[in-house]
Amino acid sequence: MNESLFPPEPFLRGSIPNSFAEDTFDRRIPEIFSQVNKTFEETLKNVNPSDIEKIKEGNEIKNKLERLLDDIKNDREFNEIVPDEYSDCEEWNDCINFWKKRNEGTFKKCSWLFAESYLYRVLANYMSVSKYWKKYDAFTIKKENSLIGPTWKSVVAMADMINPIISSDEDNSLENTFINFLKYSLWGNQADLSLHTSAKANLTNLHKITLDEIKKSDVNLISDASSKIWNYVSTLKGKRIDFILDNAGYETYNDLVFADWLMSKGFASSIVWHCKQIPWYVSDTNIKDFNWIIDTCINPPESLNEFDNTNVIDMAKRWKSYLENGQWILNDDIFWTSNYPFRHMETFAPKLYEYLSESSLLIFKGDMNYRKTVYDCYWPFTTPFIEACGDFGKPSSSTNKPLPPYACLRTCKADVIAGLEEGVSEKLDKICKEWLVNGKYGIIQYNDKYSN
Ligand SMILES: O=P(O)(O)OC[C@H]1O[C@](O)(CO)[C@@H](O)[C@@H]1O
């Protein structure tokens with residue numbers, strides 16, 4: 001890490017008064033990590049008393065988690081990450097030392113992007129260096145409940161509406177259907193578990209199922225490149241499309257349905273699904289979560305027998321066969337959980353960059369992927385999106401191939417945004433004080449600069 005890698009505008013930081021980053025470190029993160037500790041303690045309590053070694057190690061992890069929470073609350077300095085199974089350890093420590101040398105090596109003084117990402121990396125580290133807790137993910141139950149809890153009603157309704165469309169040859173409203181899918185996929189990002197930390201939050205209220213609901217939400221779509229994206233996608237025949245996933249559960253389910261449609265209409269013949277390698281920002285999709293969604297849709301638990309699950313099962317069986325015959329590919333490159341913005345991907349993950357350049361379209365889901373696409377800094381809101389992306393997409397220095405066009409589908413949950421028309425932010429300031437961060441507003445933005 002060095003200063004030349006800094007963004008062109010000031011970083012978002014927890015030390016900035018009244019910013020969402022400040023609220024994140026004062027309130028949201030302590031809440032999230034208290035819940036992690038509670039969940040871990042409950043799991044520990046349920047370990048068979050004869051597993052003495054596992055309990056002993058669990059208690060050590062419990063102590064580490066308590067200390068971490070205390071460090072967060074007191075804004076203490078970061079600690080180096082001890083070597084573990086992941087390949088990015090040195091890189092992290094290099095960054096930690098860099099921030100410390102600048103006297104900015106604490107949660108609030110550092111850039112928000114680094115500080116919050118560091119927390120999830122540390123959590124993964126505690127488990128990784130253990131013997132008995134390696135595979136432990138404190139967020140698994142939350143992630144699973146976000147599909148098979150009250151959400152299942154939405155899962156079934158979506159399958160009942162979409163499965164017949166996917167299975168039919170009807171294609172005279174392809175443009176409309178495509179744009180609606182983009183919007184389902186966008187609004188699916190509203191219901192993420194790191195924003196709605198309260199156990200009482202009813203995320204099903206946020207699910208958009210009917211076309212009417214999608215239409216009504218158009219007033220909250222404050223930057224919309226969907227027609228441009230369609231103009232490009234309509235030219236694709238049997239290509240590869242990559243989804244850079246965000247939250248497990250209902251959001252990823254929506255993306256699976258979308259991808260299924262893209263395959264069935266011949267635009268794509270393969271899909272690459274980019275997941276996270278470690279538990280990340282609470283509800284992000286790991287490969288195990290991805291497989292769990294498909295397996296659960298094929299075999300819904302008995303508690304869901306009151307529903308007619310025929311269409312869900314039918315779709316999920318098709319998804320499984322796409323995975324089995326290699327048309328759907330799973331990737332969890334460690335770069336997706338780095339602290340770097342995407343404009344530094346070519347430097348820090350050249351192989352991933354080359355791999356992405358072989359695709360025909362990249363779809364980045366969610367708030368964090370957006371923050372990394374534009375770099376997490378205070379852009380004037382009317383900065384063109386393409387400008388805010390910097391040189392992310394330029395031809396690779398080894399193959400000379402640029403990235404394909406890419407789209408960002410994001411509901412706004414951080415005080416960074418670019419690409420707004422003049423006057424939009426002023427109007428929003430008047431109607432909703434928290435429009436930048438409460439997840440109510442969404443954007444669909446597109447960059448095809450390097451592929452033209
Ligand atoms: O799941 P998403 O859409 O990436 O959102 C992640 C959440 O984490 C943050 O990026 C960081 O706390 C928030 O801004 C956002 O609410």
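As the structure lists them, so they are numbered: ligands from 1, and atoms in each ligand from 1. Computed over heavy atoms, backbone and side chain alike; hydrogens, waters and symmetry mates excluded. Owing to the predicted nature of the structure, the values given are computational and were not obtained by experimental measurement.
Remark: side-chain polar atoms of Tyr340 are not paired, donor with acceptor, to backbone N or O of Lys372 under 3.5 angstrom.
Counting heavy atoms of neighbouring residues, nucleotides and ligands inside a 6.0 Å radius, atom NZ of Lys394 exceeds 12 of them.
For the ligand labelled ligand 1, residue Arg371 lies inside the 4.0 Å heavy-atom shell. Residue Lys365 places no heavy atom under 4.0 Å from ligand 1.
In this structure, Phe342 and Trp336 have perpendicular ring planes: the angle between them is above 60°, well past the 30° mark. Ring geometry for Trp328 versus Tyr322: interplanar angle of 30 to 60°, hence tilted.
Among the atoms of Tyr281, none of the N or O lies under 3.5 angstrom from an N or O of ligand 1. Checked against a 3.5 angstrom limit, the closest N/O atoms of Glu116 and ligand 1 fall inside it. The shortest N or O to N or O distance between Phe20 and ligand 1 is not under 3.5 Å. For Thr24, no nitrogen or oxygen atom sits less than 3.5 Å from a nitrogen or oxygen atom of ligand 1, counting backbone and side chain alike. The shortest N/O to N/O separation between Asp284 and ligand 1 does not fall below 3.5 Å.
In summary, the aromatic rings of Phe78 and Trp99 are positioned with their centroids too far apart to meet the 6.0 Å limit.
Under 4.0 angstrom from ligand 1, the non-hydrogen atoms of Asn189 all belong to its side chain. With a heavy-atom cut-off of 4.0 Å, Asn247 touches ligand 1 through its side chain alone. Only the side chain of Asp246 comes within 4.0 Å of ligand 1, counting heavy atoms alone; its backbone N, CA, C and O stay farther away.
Of all the atoms in ligand 1, the ones that sit under 4.0 Å from a non-hydrogen atom of Trp112 are 11 (C), 12 (O), 14 (O). Within the listing of ligand 1, atoms 14 (O) sit less than 4.0 angstrom from a heavy atom of Ala414. Which parts of ligand 1 touch Gly366 is read off a 4.0 Å heavy-atom cut-off, strictly below it: atoms 3 (O).
Residues Lys183 and Asp218 are paired through a salt bridge, judged by an N-O separation under 4.0 Å between the basic side chain and the carboxylate.
When Phe243, Phe258, Trp187, Trp230 are each tested for a ring pair (Phe, Tyr, Trp, His ring centres under 6.0 Å) with Phe181, only one passes: Phe258.
Here the shortest heavy-atom pairing between Leu409 and Leu186 reads C-CD1, 3.8 Å.
Looking at residues two or more places apart in sequence or on another chain, you find a ring pair (Phe, Tyr, Trp, His ring centres under 6.0 Å) between Phe33 and Tyr120.
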